[in-house]
Amino acid sequence: DYALNVVQEKGADPPCLKHQSLDQLAWKGTIVLDEGRLVNSLKAAPRVAFFAALLAGVLHTAAFAPLDAWWLQILALASLAALSWSATPRRAAWLGAGFGLGWLSSGLWWLHISMHQFGGIPWLLAALAVLLLAAFLSSYYAAMLALLAQLRLRTQPGAGLQALLFASVWLLAELLRATVFGGFPWLASGYAHTTGPLAAWAPWVGIYGISALAALAAAANEADVEGTALSFRVEAVSTGTLEKGSGSSWTAVTPGTTLV
């Protein structure tokens, strides 16, 4: 199995590539074939990927006190990195929104208790208020993952650089959530590491530095998986001529070879 990442040229529409051979292609652009793995099936189905991100967000909440399962925070974030690694900007935004919604709606559920039991707000309205707040806060993560996907399409970074970019946009999303419109920094991801190996960094980089380090650790696993991608480009629209390689070194690929 291979996952396809299509870099679309301006004004061109990418074809349906599954089970296509090289001589069946009539499109000019760049195609990246990545090593197949379990999450490819999730990447291929938008709804399944969204709910997988939603579940990963809920698991992300379980990493905080009282469980103090710091490793679960990195595992949950690694799942998001894997799902969004080669996603389009639109899909990356949905994945970021799903992860944030699962994480923040479950982690901020105490607000429902405050509003319903102590504030007298009807149960349904209190639940809706929590969901709306979680959805709004999730928009920061949606926007930042969309930005990352756009940068990836424009710059084609290596796996290591993309891991650094993932950590950077995650940190930016956390900082935006903590400051914009007065901020709502509750449940920042770094607070999951009050125990564990990253806790020692707290005096040096603070809670948001730990958030960035955890995101880098999560993305590093995906960078290791993605490190041996094969790049292909379609040179002739009419004939479907394909070459493979990197940089300025390209080798012709025989027509008829099955891509997926």
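Positions are given from 1 along the sequence.
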If you look at every heavy atom in Pro185 and Ala178, which pair is closest and at what distance? CB-CB, 3.8 Å

Tightest non-hydrogen contact, residues Met115 and Ala129, listed as CE-CB, 3.8 Å

CG (Leu125) and CG (Leu132) are apart, to the nearest 0.5 Å, by 10.5 Å

Tell me, yes or no, whether the heavy-atom count around Phe51 atom CZ, taken from other residues, nucleotides or ligands under 6.0 Å, exceeds 12. no

CG-CZ distance between Leu145 and Arg90, expressed to the nearest 0.5 angstrom: 16.0 Å

Ser138 side chain to Leu101 main-chain N or O, any donor-acceptor pair under 3.5 Å? yes

If you count heavy atoms of other groups shown closer than 6.0 angstrom to OH of Tyr191, is the number above 12? no

Assigning hydrophobic clusters by single linkage (Ile, Leu, Val, Met, Phe, Trp, Tyr; side-chain heavy-atom cutoff under 4.5 Å), is Phe136 placed with Phe184? yes

Can Thr61 and Trp109 be said to form a side-chain contact (heavy atoms from CB on, under 4.5 Å), step by step? CA-CA 11 Å; Thr61 300; Trp109 197 247; over 6 Å; no

same_hphob_cluster(Leu128, Leu137) at 4.5 Å side-chain heavy-atom cutoff: no

Interatomic distance, CG@Asp68 vs OG1@Thr195, rounded to 0.5 Å, equals 4.5 Å

Is there a side-chain contact (heavy atoms from CB on, under 4.5 Å) between Leu165 and Arg152? Walk through the geometry before answering. CA-CA 9 Å; Leu165 289 174; Arg152 191 195 73 249; over 6 Å; no

Could you see if Trp170 belongs to whatever hydrophobic cluster contains Leu151? Use Ile, Leu, Val, Met, Phe, Trp, Tyr and a side-chain cutoff under 4.5 Å. yes

Please check: side-chain N/O of Glu174 versus main-chain N/O of Tyr208, any donor-acceptor pairing under 3.5 Å? no

Could you check whether any side-chain heavy atom of Gln73 comes within less than 4.5 Å of a side-chain heavy atom of Ile210, counting everything from C-beta outward? no

Test applied, ring pair (Phe, Tyr, Trp, His ring centres under 6.0 Å); reference residue, His60; option that passes from Trp71, Phe99, Trp70: Phe99

Out of curiosity, Leu133 CG to His112 NE2, how far, rounded to the nearest 0.5 Å? 13.5 Å

Shared ILVMFWY cluster between Phe166 and Leu213, side chains joined below 4.5 angstrom? no

Search all heavy atoms of Gly102 against all heavy atoms of Ser105 and return the closest pair with its distance. O-OG, 3.7 Å

Gap between atom CH2 of Trp94 and atom CG of Leu54 - 0.5 Å precision: 12.0 Å

Is the CH2 atom of Trp110 crowded by more than 12 outside heavy atoms at less than 6.0 Å? yes

Close side-chain approach of Leu59 to Leu75, heavy-atom, < 4.5 Å: no

How many angstroms lie between CH2 in Trp85 and CG in Asn221, if you round to the nearest 0.5 Å? 9.5 Å

Result for ring pair (Phe, Tyr, Trp, His ring centres under 6.0 Å) between Trp103 and one of Trp186, Tyr141, Tyr140 points to Tyr141

Given side-chain contact (heavy atoms from CB on, under 4.5 Å), test Leu148 with Met144 step by step and report yes or no. CA-CA 6 Å; Leu148 174 60; Met144 290 303 101; over 6 Å; no

Apply side-chain contact (heavy atoms from CB on, under 4.5 Å) to the pair Thr155 and Leu161, showing each step before the final yes or no. CA-CA 11 Å; Thr155 64; Leu161 179 56; 5.9 Å; no

Is it true that Ile207 and Val169 fall in one hydrophobic cluster, defined by side-chain heavy atoms closer than 4.5 Å? yes

